[in-house]
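Here is how names work: the chains are called A, B, and so on, in the same order as the sequence lines, proteins then strands, and each is numbered from 1.
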Protein chains: 2
Amino acid sequence: MRVSVYTPAEAVEETGFSIDTLRYYEKIGLLERVDRNAAGQRRFSQEDVGWLGMVRCLRDTGMPIATMLRFAELVRAGDHTVPDRIRLLEEHDRQVQGQIANLAERQSYIHHKISYYRSLL
Amino acid sequence: MRVSVYTPAEAVEETGFSIDTLRYYEKIGLLERVDRNAAGQRRFSQEDVGWLGMVRCLRDTGMPIATMLRFAELVRAGDHTVPDRIRLLEEHDRQVQGQIANLAERQSYIHHKISYYRSLL
DNA sequence: GGTTGACCTGGAGCCCACTCCAGGTGAGAT
DNA sequence: ATCTCACCTGGAGTGGGCTCCAGGTCAACC
C-alpha cells in the first residue's frame, strides 16, 4: 500500500502515465485538483492513484476521454449515482466484449493468411 | 463474387471504407493506382477489393498505416517476399494476441468494479 | 553562494488517420 | 438545354490525445 502520498515522480512510477499526461488529466478535470505542497508541487493521494488505476483500465479498453469524464462526474456526484455508474460500466463492458470478439475473428483471418503463405513455401 | 469491377459507390458498399478513405489509401500508396474509365472515374478491380479486405483486417486489429505500407510493398515485390510477409503477420498476430489478453484482464477489473457497485445497492 | 534537479504554468505543437472543401467534368434524365 | 448526380483533383482542416517548450520557483547538496 505505501505512504499514501506520492510525488509526481512516484505517481508516474505507480500509474504508468507520464507527468504530462497527469497534468493534462488534471487540467481537463479527469483528475480532481491534486493537492500541492508549500512550494506548489503536486502531492498525489492514495485516492488519486486509485482513481488513476480505474482511468488506466478504462483508457486501455478504449473508452474515450469524454465518457471517462462523465464517469468521473458520476463518481464525484455521490452515492446516489451508483446505478448510473453500473449502467455506464455495463455498457462499456459490452463494448469490450465486442472488441474481443472482433479481434478474435480478425485473428482467424490472419491465421488463414499465414497458413496460405506457408503453403506457398 | 460479382462482376469483378466496382464503381466507387460499389467499392464503398463492399469494403465499408468511405470514398474519401479509399482515395486517401490510393494517394498514400496503400492501394495501388486504381484503374480509371474514359471519364477518369475509378473502377476498382476484384483484386483491389480483395486487398482492401486484408487492409480492413489489419487496420481493425490496430496495425498502423506505416506497417500496412511495408506489408503492401512486400506484396508488390513478388513471391520471394513470402517469408517476410509471414514474419510480419506472425508478429502482428502476437500483438493481436496481446491485445486480447490485455482486454480480457481489464475486463475482469471492470467486472469486479460492477460487482462492488452492485454490493452497495 | 552557485549549481543541479525536480517541479511549476500557460500555451503551442504534434501525430495519426482521416474528412471536408472548392471548383470542375461528363453522362444521363426531364 | 439544363439540371442533377456521381465522380474527379489538390490541398486544407479536424479531432483525439497527448507531448513539448520557455521561462520560472524552490530545496538541497557541494
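B:Ile19 places its CD1 atom 14 Å from the P atom of C:dC18, with the value rounded to the nearest Å. Atom P of nucleotide C:dA22 and atom CG of B:Asp20 are separated by 14 Å, given to the nearest angstrom. B:Ile28 has its CD1 atom 11 Å from the P atom of C:dC16, to the nearest Å. The distance from atom CG of A:Asn37 to atom P of D:dA28 is 11 Å, rounded to the nearest whole Å. Between B:Leu22 atom CG and C:dT19 atom C1' there is a gap of 13 Å when expressed in whole angstrom units. What separates CD of A:Gln41 from P of D:dA28 is a distance of 10 Å, to the nearest Å. If you take CG of B:Asp60 and C1' of C:dC16, they are 16 Å apart, rounded to a whole angstrom. For the pair B:Leu31 CG and C:dA17 C1', the interatomic distance rounds to 16 Å; values are reported in whole Å.
Listed by residue number, the members of residues 62-72 of chain A with any heavy atom below 4.0 angstrom from DNA chain D are A:Pro64, A:Ile65.
For A:Arg36 and A:Glu26, the salt-bridge test passes: some basic side-chain N is under 4.0 Å from an acidic carboxylate O. Looking at A:Glu91 and A:Arg94, a side-chain N of the basic residue comes within less than 4.0 Å of a carboxylate O on the acidic one, giving a salt bridge.
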Which donor-acceptor pairs under 3.5 Å do the side chains of residues 96-106 of chain A make with protein atoms, sequence neighbours left out?
from: A:Gln97; atom 1: OE1; to: B:Gln107; atom 2: NE2; distance (Å): 2.6
from: A:Gln99; atom 1: NE2; to: A:Thr61; atom 2: O; distance (Å): 2.8
from: A:Arg106; atom 1: NH2; to: B:Asp60; atom 2: OD2; distance (Å): 2.9

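Between D:dG16 and A:Tyr24, no contact under 4.0 Å exists linking OP1 or OP2 to a side-chain N or O. Under 4.0 angstrom from either OP1 or OP2 of C:dC8 there lies at least one side-chain N or O belonging to A:Arg42. Distances shorter than 4.0 Å separate none of the side-chain N or O atoms of A:Arg23 from OP1 or OP2 on C:dC7. Phosphate proximity of D:dA6 to B:Thr7: absent, as no side-chain N or O sits under 4.0 Å from OP1 or OP2. Regarding contacts with the backbone of C:dA17, every side-chain N or O of B:Thr21 stays at 4.0 angstrom or more from both OP1 and OP2. Considering only side-chain N and O atoms, A:Arg36 lies nowhere under 4.0 angstrom from the phosphate OP1 or OP2 of D:dC26.
The main-chain N or O of B:His111 is found under 3.5 Å from a side-chain atom of B:Ser115 such that the two form a donor-acceptor pair.
Both the sub-6.0 Å distance and the 45° axial angle are satisfied by B:Lys113 relative to the ring of B:Tyr117. Annotation: cation-pi geometry not satisfied between A:Arg85 and A:Phe71 (NZ/CZ under 6.0 angstrom from ring centroid, within 45° of ring axis).
Heavy atoms of A:Tyr25 sit under 4.0 angstrom from primed sugar atoms or phosphate atoms, though from no base atom. Backbone-only engagement by B:Ala9 is indicated by non-hydrogen atom pairs under 4.0 Å involving sugar-phosphate atoms exclusively. In this structure, A:Arg43 reaches neither bases nor backbone, as no heavy-atom distance under 4.0 Å exists between it and the strands shown.
Residue A:Pro8 places its side chain closer to C:dC7 than to any other of C:dT19, C:dC7, D:dC8.
Nearest-nucleotide assignment on DNA chain C puts the 5′-proximal partner with A:Ala39, out of A:Lys27 and A:Ala39.
B:Ser45 and B:Asp48 share a donor-acceptor pair across their side chains, judged by distance under 3.5 Å alone.
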For A:Tyr6 and A:Glu13, what are the C-alpha separation, side-chain angles and deciding distance, and is it a side-chain hydrogen bond (donor to acceptor under 3.5 Å, both in side chains)? CA-CA 10 Å; A:Tyr6 299 78; A:Glu13 168 76 9; over 6 Å; no

